[in-house]
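What follows is a single structure, written as structure tokens, with notes after it.
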Amino acid sequence: MMHGPIIWHLGNITLNGKTLIMTWIVMAFLIIMSIIASRRLTSGTPGKLQNFLEWIVDFVKSLISDNMDYKKGAPLLSYLLTLIVFIFFSNILGLIPNVFAPLFHWIEFAQLNEILGDVLIASPTADINTTLALATLTVILVLVSGIRYKGIHYFHHFIEPIPVFLPIHLIDFGAKLMTLAFRLFGNIYAGEVLIAAMLMIPGFLVAGTLIPMPVWLGFSVFIGAIQSFVFTVLTIAYISQAVTSDS
Amino acid sequence: MNFFINGFTYTIASAAASGGGGNPVSFNFYTYIVQIMSFLILVWIIKRFAWKPLMNMMEKRRQYIADSLAQAEQERNEAARIKQEYQEDMHRARLEAKSIIEKATQESEQRAAEILDQARRETEKLKLAALAEIEREREKAVSELRLQVVNMSVAVAEKVIKQKLDIQGQEALIDQFIQEVGDRPC
């Protein structure tokens, strides 16, 4: 984690292997969970998993309806739900000790021995490329929603109150992208750096140094939840700014 | 245990090797593109497998609850209607029963009066018949008695005649005697 990114080379293309593997782990986990959950869905008394999922759905629904006309936000519900769940589990993934690490020491393919042979596995969100990708999708959604509900009039807000303000509005727009991406990246990356630093404390296995680790892990779970919430709420807020008429 | 220690030393070694060098913010265009596509695919799959069915179920449950409430409301109205109908029926039945009882009482009274009347007439008739019977019996007794008296008179006369045949002058007396017997009511 602390060393430079593990690069896959496919011809001229270079990819951050570790980030992709971690993303796919989270994706696989979420897809498996959703398939398990969808098999036991009932319109009667819901089970524990369904209850939890319905709680998330209601939670995000209330976030949308708090910020904008729910009818305008409803088409985005699935996207926002996936966003909050993906970011949360991505953030948590970096905190889980990799008990399978020794199994991957022998696999040279795609540098899996380096990617999964570590005691700690990285969060996909600890890579700026992931957070920037998510932030880009948010910005695209803002543009698409704005054009969809206001047409060409949407771009009018870039030159308000007078055209001189255009640069400021453009910076504001770019800042949305950058702050979204770097806030999430910074929080999660910093958390992982601290975990790695704790692992480097001499005499790590001595009882005294075992105390900060669980404390920090617990706090990181909290941070992971907060950051996924913040990212989703800001996405909703930016979209609501774009679709709500000023008059 | 050996594995873990290997792992730990590996981390420390790799961290030390990097030495804090290497920019953590390293933009990689293809990773960025792959992440965008991965996330969109994830959205699509989870939407299909989880969110859509889940929301359908929630909608179905909402519908079910709304239907149940509407049905409960309808049934309550129905129950109220039935209760009112029942009360009206009860009221009507009570009135009817009352009128039937009244009628029956009236009829029975009338009937009792008729029976009494008939009985009275019957007794009257019986009394008359009895009186007539008594009269007839009396007549019969009188005539029998008269016959007996005649016979006795004849017998007395025979005796008298046998004993005092010579008493001629007494015929008028005998006739008078017989006359008297015949006139006397019994």
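Letters A, B, ... mirror the listed sequences (proteins, then strands); counts begin at 1. All heavy atoms count here, side chains included; hydrogens, waters and symmetry mates do not. The structure presented is a predicted model; accordingly, all values stated were derived computationally and were not measured.
- Put simply, the side chain of A:Ser78 reaches to within 4.5 Å of the side chain of B:Met55, judged on heavy atoms.
- Between A:Asp58 and B:Met58 there is a side-chain heavy-atom pair separated by less than 4.5 Å.
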Q | Residues A:Tyr79, B:Phe39; criterion side chain to side chain contact (heavy atoms under 4.5 Å, CB included); working and verdict | A | CA-CA 10 Å; A:Tyr79 176 84; B:Phe39 186 70; 3.4 Å; yes
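- Taking all atoms of both residues into account, the shortest heavy-atom contact from A:Thr14 to B:Tyr30 is O-CB, 3.5 Å.
- No more than 12 heavy-atom neighbours from other residues, nucleotides or ligands sit within 6.0 angstrom of CZ on A:Phe52.
- Using a 4.5 Å cut-off between heavy atoms, B:Tyr64 makes no contact with chain A at all.
- Crowding of B:Glu114 atom CD: a count of heavy atoms from other residues, nucleotides or ligands under 6.0 Å exceeding 12.
- Among the candidates A:Pro46, A:Ala126, A:Pro124, the residue making the largest number of heavy-atom pairs closer than 4.5 Å to chain B is A:Pro46.
- Around atom CZ of B:Arg111, no more than 12 heavy atoms belonging to other residues, nucleotides or ligands sit under 6.0 Å away.
- Atom CD of B:Glu137 has more than 12 heavy atoms from other residues, nucleotides or ligands within 6.0 Å.
- Counting heavy atoms of neighbouring residues, nucleotides and ligands inside a 6.0 Å radius, atom NZ of A:Lys72 exceeds 12 of them.
- Counting heavy atoms from C-beta on, the side chains of A:Glu54 and B:Arg61 come closer than 4.5 Å.
- Within the 3.5 Å criterion, the main-chain N or O of B:Ile46 finds no donor-acceptor partner in the side chain of A:Ser34.
- Crowding of B:Gln106 atom CD: a count of heavy atoms from other residues, nucleotides or ligands under 6.0 Å not exceeding 12.
- Side-chain atoms of A:Asp127 do not come within 3.5 Å of backbone N or O of B:Ser26 as any donor-acceptor pair.
- With hydrogens and angles ignored, the 3.5 Å screen pairs a side-chain donor or acceptor of A:Asn129 with a backbone N or O of B:Asn28.
- The residue among A:Leu81, A:Ile36, A:Leu53 with the most heavy atom pairs within less than 4.5 Å of chain B is A:Leu81.
- Expressed to the nearest 0.5 Å, how far CD1 of A:Ile140 lies from CD1 of B:Ile36 amounts to 6.0 Å.
- A side-chain donor-acceptor contact under 3.5 Å links A:Thr23 and B:Gln35.
- A donor-acceptor contact under 3.5 angstrom links the side chains of A:Thr136 and B:Tyr32, judged on distance only.
- The contact between A:Leu83 and chain B is made by backbone and side chain atoms together, counting heavy-atom distances below 4.5 Å.
- Only the side chain of A:Trp24 comes within contact range of chain B, with at least one heavy atom under 4.5 Å from a heavy atom of that chain.
- Chosen from A:Thr82, A:Leu137, A:Ile31, the residue pairing most often with chain B at heavy-atom distances under 4.5 Å is A:Thr82.
- The contact between B:Ile45 and chain A is made entirely by side chain atoms (from C-beta outward), counting heavy-atom distances below 4.5 Å.
- For a residue to count as touching a neighbouring chain, one of its non-hydrogen atoms must lie under 4.5 Å from one of that chain's; by this rule A:Val85 touches chain B with the side chain only.
- By the 4.5 Å heavy-atom criterion applied to side chains, B:Leu42 and A:Phe86 are counted as neighbours.
- A 6.0 Å sphere centred on CD of B:Gln179 holds no more than 12 heavy atoms belonging to other residues, nucleotides or ligands.
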